[in-house]
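Presented below is the structure to which this report refers.
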Amino acid sequence: MANPGFAITLAIVVITTFVTYSEGAPRAFFVFGDSLVDNGNNNFLATTARADSPPYGVDYPTHRPTGRFSNGLNIADLISKQLGADPTLPYLDPALDGDKLLVGANFASAGIGILNDTGIQFVNILRIYDQLDLFQQYQQRVSALIGAEQTTRLVNGALVLITLGGNDYVNNYFLTPISVRQLQYNIQDYSHVVITEYSKILTRLHDLGARRVLVTGTGPLGCVPAELALWSSNGECANELQQASQIFNPLLVQMTTRLNQQLSSDIFVAVNAMELQNDFIDKPKEFGFVTSKIACCGQGPYNGLGLCTTASNLCTNRDEYAFWDAFHPTEKANKIIVKTIFTGSNKYMSPMNLSTIMEIDSL
């Protein structure tokens, strides 16, 4: 399933007043987006965009597939651990009920994008506005448990992660040699369209009460194994997809800056996804990887063709690989990404990282 959502561009909502639902308890955590952070919602949908069969989950604590597009934990799981909280359950999971709702919820659905026509080949997926509608439904359910005022406190005090952008290129603009979107726009104009829509999504999320939002975009799309298999003859990253990433990330920073100005506060903190990813793609051995080009699980050149299945080539040591499958990082790579989210310098995050934000929140 094509989703290069691996690459990270991030923003964090910060306001001067901060409340929590329960003093001293881990803050609630809400997750929106695509397969980078889907932890099982698509298991409950009639779609081909799913990761509910082996060898997915081979290194998860249960050693069973969960719907995560990873050998183990994904980025959302690892952020939950840093928060000292249990991983959020998929919103569509019937087990998410009662007090478990107070931990938060994961609304992400593999295959979606910022644009509504992204991922149409996967049919039944929770597009981003579907996810936001479910978030509103979630709040109604929680209000029935703890009341409207406490629900507002819980949501306002929560951390939110939203991961979108990569599919709008790989599963839309570059899906076919000549796509509808290519006939409509050049890559620069298309990126402006995508960023404009992303701004609307973030505004809607804020309207629904989110006050701490990690917003990830895309990184070096042309360097994932799937794109190397299609376009690279010598292991070099695919130029057109790299150009898309190089256009998208600065536009995302500009967009978050404009939102800051509209809200008259430094609300968003942006992460340079290209810089973050390029570190271990360009110098994998410095991060303990044997390769950043070949996927652990797959087939064809760079193990980048088709899905990861029981019939695929499977590496024996996932920690030696930056990529788990054709598009998604291994758990080890996810840990590097999350560490940068928390502690990265202003080379990656401007003006501050998540650890600094959490220090501010604790005052």
Is it the case that the side chain of [X] and the backbone of [Y] share a donor-acceptor pair, with hydrogens and angles ignored and the cut-off at 3.5 Å?
X    : Y    : answer
S199 : I195 : no
N167 : G113 : no
N71  : D59  : no
S109 : I125 : no
Y173 : I187 : yes
S355 : F342 : yes
R318 : K332 : no
R27  : A85  : no

What about [X] and [Y], same hydrophobic cluster or not, with Ile/Leu/Val/Met/Phe/Trp/Tyr joined at side-chain heavy-atom distances under 4.5 Å?
X    : Y    : answer
F69  : V123 : no
V224 : L241 : yes
L102 : L208 : yes
F135 : L92  : yes
V160 : L134 : yes

Let me confirm one number: the [atom1]-[atom2] distance from [X] to [Y], rounded to the nearest 0.5 Å.
X    : Y    : atom1 : atom2 : answer
Y138 : L96  : OH    : CG    : 7.5 Å
N41  : Y91  : CG    : OH    : 10.5 Å
I357 : R212 : CD1   : CZ    : 8.0 Å
L230 : L305 : CG    : CG    : 6.5 Å
N106 : Q131 : CG    : CD    : 8.0 Å
N43  : D93  : CG    : CG    : 8.5 Å

Do other residues, nucleotides or ligands put more than 12 heavy atoms under 6.0 Å from the [atom1] atom of [X]?
X    : atom1 : answer
D99  : CG    : no
D282 : CG    : yes
I120 : CD1   : no
Q137 : CD    : yes

Quiz item: Passes side chain to side chain contact (heavy atoms under 4.5 Å, CB included), L45 versus F122? Steps please.
Solution: CA-CA 10 Å; L45 300 172; F122 302 122; over 6 Å; no

Shortest non-hydrogen contact between [X] and [Y], atoms and distance:
X    : Y    : result
T330 : S70  : C-OG, 4.5 Å
V155 : F30  : CA-CE1, 4.3 Å
Q139 : T151 : O-CG2, 3.7 Å
A295 : A326 : CB-N, 4.1 Å
H63  : V58  : ND1-O, 2.9 Å
E359 : S362 : O-OG, 2.7 Å

Side chain to side chain, [X] and [Y], heavy atoms closer than 4.5 Å:
X    : Y    : value
T163 : I75  : no
Q184 : R181 : yes
N353 : Y348 : no
M255 : L202 : yes
Q261 : T257 : yes
I112 : D38  : no
L259 : T203 : yes
P220 : Q242 : yes

Quiz prompt | Criterion side chain to side chain contact (heavy atoms under 4.5 Å, CB included) on R50 and Y56, from CA distance to verdict | solution = CA-CA 10 Å; R50 54 201 308 131; Y56 286 98; over 6 Å; no

Exercise. Could you tell me whether E331 and K335 have a side-chain N and a carboxylate O separated by less than 4.0 Å?
Key: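 Yes, this pair counts.
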
Quiz item: Pick from P284, C296, S292, P225: which one makes a side-chain contact (heavy atoms from CB on, under 4.5 Å) with Y321?
Solution: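 Among the candidates, only C296 passes.
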
Quiz item: R68 pairs by side chain to side chain donor-acceptor pair (under 3.5 Å) with which of D77, D52, N334?
Solution: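 Among D77, D52, N334, the one that satisfies the side chain to side chain donor-acceptor pair (under 3.5 Å) with R68 is D77.
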
How are the rings of [X] and [Y] set to each other: parallel, tilted or perpendicular (split at 30° and 60°)?
X    : Y    : result
F287 : F280 : perpendicular
Y185 : Y190 : tilted
F248 : Y169 : perpendicular

Practice problem: Check step by step if disulfide (SG to SG under 2.5 Å) holds for C315 and C297. | Solution: CA-CA 7 Å; C315 68; C297 183; over 6 Å; no

Exercise. Check the pair R141, D97 against salt bridge (charged side-chain N to carboxylate O under 4.0 Å, His left out), reporting the backbone distance first and the verdict last.
Key: CA-CA 9 Å; R141 293 175 64 189; D97 199 12; 3.5 Å; yes

Quiz item: Taking atom types as modelled, is there a side-chain donor on T118 or N171 under 3.5 Å from an acceptor on the other?
Solution: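 No pair is found: no donor N or O on one side chain lies under 3.5 Å from an acceptor on the other.
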
Practice problem: Dump the intermediate steps for side chain to side chain contact (heavy atoms under 4.5 Å, CB included) on T216 and L161, then the final yes or no. | Solution: CA-CA 8 Å; T216 74; L161 170 67; 3.9 Å; yes

Exercise. For L164 and I128, run side chain to side chain contact (heavy atoms under 4.5 Å, CB included): C-alpha distance rounded to whole Å, both residues' side-chain angles, the deciding distance at 0.1 Å, then the answer.
Key: CA-CA 9 Å; L164 294 169; I128 188 57; 3.9 Å; yes

Exercise. Please lay out, stage by stage, how T47 and N124 fare under the test side-chain hydrogen bond (donor to acceptor under 3.5 Å, both in side chains).
Key: CA-CA 5 Å; T47 177; N124 295 311; over 6 Å; no

